[in-house]
Amino acid sequence: MKLATLCIHAGQPPDPATGATIVPIYQTSTYTQEAIGRHKGYEYSRTGNPTRSALENALAAVENGSHGLAFASGSAATAAVLHLLRPGERVVAADDLYGGTIRLFETVFRPMGVLFDYVDAADSGKLRGALERPARLVWLETPTNPLLRVVDLRAAANAARDAGALLAVDNTFATPALQRPLDLGADVVVHSTTKYIAGHSDLIGGAVIVRDDELAARLRFLQNAEGAVPGPFDAWLALRGLKTLPLRMRAHTENALRVAKVLSEHPAVQAVFYPGLPSHPQYEVARSQMAGGGGMVTARLRGGRDAVDRFLGALRVFQLAESLGGVESLVCHPATMSHASVPEAARLSRGIDDGLVRLSVGIEDPDDLVEDMVRALDGAAARPSCPGCLP
Ligand SMILES: *Cc1c(COP(=O)(O)O)cnc(C)c1O
């Protein structure tokens, strides 16, 4: 079956107990057993819950995996994957990751003895070079956050396989509607379902999807042992959001492309980062592995923080907020928001300076988004009034 059909039906048959067409919210912690060891497959909701199972099976299907595991957040999903490693084992990670992922690597797992090296993974040669020393795991995001660089996943999968390392891809930005990492050779897909999968900015959730049975069994063990699972209502909301994922991603992508074009033609903008623009340095790689540029657009405004403040003050539709991937348009200032936990030197060396703004382009009418953007960019370009200057 094709993706739009899977999103609506995979893992979501009518409820076996009642025939309910929509998977019910099984708001229960436990399950009554007929006799010792005689039950219907569920014993305790940390271990398994039918609403969560439906979400897990649906996510496995849409990523073309065999096993899906839902977590309480994307960060919990990331932590579960890192718990596959032992002290002394090494991770090669892309150098342009979600700030919270870097925080987890550097302040939780490094002190426990896991080794991390960061490379510009958009350069396949550098990734291959970093894998000349033994590594257990390669961790990538593509497009990256916030600079929207694109990593060649086929090349990364080959390099990881040759090095005997697992390849994990955080597919939060692209979603399976635009890119399926397992089909391109990855071993593990991670999501913050908080973002596009749920799509309505109304929950926190995460997921891991794999094909390998042994890997799935170990992750299933960790999911139950550590217990960072979503409640039934959040699992249900994520499942409801998933049903419209392909429609939403199409609208996000169309709107983002229009916004990216407006940005790239405006004098207040120094640089635009959007994988759907032919000027993007990895445009050809993006075309070879993605079905569209996605809903995220990053821009560097001329005039640094002052220009950013004027820009933010003039926006009316785009709202200043953390997060992304909801139906509403959001804007964020990575240097002080999503990447505030990254040390300044590391942040600047990665190109995340004070002039950078990251847009999560929603699915409002594109004319309204363009109008909002032009007004705010005109505002950013305007010099602040200077007392005593002639008009
Ligand atoms: C938000 C995000 C995460 C973390 O997910 P939470 O659900 O906030 O814990 C991880 N990776 C990416 C790319 C994200 O955008």
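First listed ligand is number 1; within each ligand, the first listed atom is number 1.
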Using side-chain contact (heavy atoms from CB on, under 4.5 Å), reason through K243 and Q12 one step at a time and then give a plain yes or no.
CA-CA 10 Å; K243 288 177 192 283; Q12 306 157 72; 2.8 Å; yes
Apply side chain to side chain donor-acceptor pair (under 3.5 Å) to residues Y31 and N49 and explain how you reach the verdict.
CA-CA 9 Å; Y31 306 82; N49 173 283; 3.2 Å; yes
Pair Y98, T78 - check side chain to side chain donor-acceptor pair (under 3.5 Å), show working.
CA-CA 11 Å; Y98 176 69; T78 301; over 6 Å; no
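For ligand 1, the atoms closer than 4.0 angstrom to any heavy atom of S73 are 7 (O), 9 (O). Counting atoms of ligand 1 from 1 in the listed order, those under 4.0 Å from a heavy atom of S75 are 4 (C), 5 (O), 6 (P), 9 (O). Residue F173 has at least one heavy-atom neighbour below 4.0 Å for each of these atoms of ligand 1: 13 (C), 15 (O). Remark: ligand 1 atoms within the under-4.0 Å shell around heavy atoms of T194 are 7 (O). In the vicinity of D170, heavy-atom distances shorter than 4.0 Å reach the ligand 1 atoms 10 (C), 11 (N), 12 (C), 13 (C). The contact set between ligand 1 and G205, taken as ligand atoms under 4.0 Å from a residue heavy atom, comprises 7 (O).
Taking the six-membered ring for Trp and thresholds of 30 and 60 degrees, F116 and F105 have nearly parallel ring planes, at less than 30 degrees apart.
Proximity of a side-chain donor or acceptor of R350 to a complementary backbone N or O of D95 within less than 3.5 Å is detected. In this structure, the side chain of T28 engages the main chain of T30 through a donor-acceptor pair within 3.5 Å.
Scanning K195, E141, H191 for the heavy atom closest to atom 2 (C) of ligand 1 points to K195.
Heavy-atom separations between S338 and ligand 1 are all 4.0 Å or longer.
Salt-bridge formation is not detected for the pair R310/D306: no Lys NZ or Arg NE/NH1/NH2 atom is positioned less than 4.0 Å from an Asp or Glu carboxylate oxygen.
At under 3.5 Å, a nitrogen or oxygen of G74, whether backbone or side chain, sits near a nitrogen or oxygen of ligand 1. Looking at N145 next to ligand 1, no N or O pair under 3.5 Å apart turns up. For ligand 1, the polar-atom distance check against S192 finds a nitrogen or oxygen pair separated by under 3.5 Å.
For the side chain to side chain contact (heavy atoms under 4.5 Å, CB included) test with P181, the passing option among N171, V151, D187 is N171; the others fail.
Taking atom 8 (O) of ligand 1 as the reference point, the nearest protein heavy-atom neighbour is Y98 OH, 3.9 Å.
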